[in-house]
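Report on the structure given below.
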Amino acid sequence: MPSPENTRPHPNPQPSAAKKLVIKVTAGTDAPERCSQAFTVAAVAVASGVEVSLWLTGESAWFALPGRAADFDLPHAAPLPDLIESIQAAGRITLCTQCAARRDITEEDVLDGVRIAGAQVFVSEIMAPGVQALVY
């Protein structure tokens, strides 16, 4: 029979590390700090070897277009084009279908490597085992 010490849970169990990080950014130039935080976290996660899927929704949808990120300026923040390049090097960027449609953005308009997908794909990504989802 096991002793009571062996049957109690560890007082500070370590959470299992997420194998994938899905980040949904809803802010753009309307909330620059929140926007920058999302892209920065995604880029740092990619650099750390985490599988990253970044979703552009709402006003951040504009950053799926070539040249738009270069117009974004936030003091003391990494340049958005550099962050996007870092994310695309080993992660995935997805533009929300409805957000693209509301802005008349098509697959022909977006940066190379950016896909357009909808809520069904988003839900399947965030519900997979080992996924951590963040919304900015």
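Follow the hydrophobic side-chain contacts under 4.5 Å out from Leu74 and you reach Leu80 in the same cluster. Under the 4.5 Å side-chain heavy-atom criterion for grouping Ile, Leu, Val, Met, Phe, Trp and Tyr, Val44 is not connected to Leu54 through any hydrophobic cluster. The same ILVMFWY cluster, assembled from side-chain heavy atoms under 4.5 Å apart, contains both Trp62 and Ile87. In terms of hydrophobic clustering, with Ile, Leu, Val, Met, Phe, Trp and Tyr side chains grouped at heavy-atom distances under 4.5 Å, Phe63 and Leu65 are assigned to a common cluster.
When each of Ile126, Val25, Val22 is tested with Trp55 by the rule side-chain contact (heavy atoms from CB on, under 4.5 Å), just one qualifies, namely Val22.
Side chains of Val121 and Arg115 form a contact here, defined as non-hydrogen atoms less than 4.5 Å apart.
Taking every heavy atom of both residues into account, Thr57 and Cys96 meet most closely at CG2-CB, 3.7 Å. The shortest heavy-atom contact between Ala42 and Val52 is O-CG2, 3.8 Å. Residues Ile105 and Ile116 approach most closely at O-CD1, 4.3 Å, considering heavy atoms. In plain terms, the two heavy atoms of Ala61 and Arg103 that are nearest each other are CB-CD, 3.8 Å. In plain terms, the two heavy atoms of Ala43 and Ser86 that are nearest each other are CB-CB, 4.2 Å.
Listed for the Thr40 side chain is a donor-acceptor partner under 3.5 Å among the backbone atoms of Ser36. Put simply, the side chain of Thr97 gets close to the backbone of Ala117: a donor and an acceptor are under 3.5 Å apart.
Residue Leu95 holds its CG atom at 10.0 Å from OG1 of Thr106, rounded to the nearest 0.5 Å.
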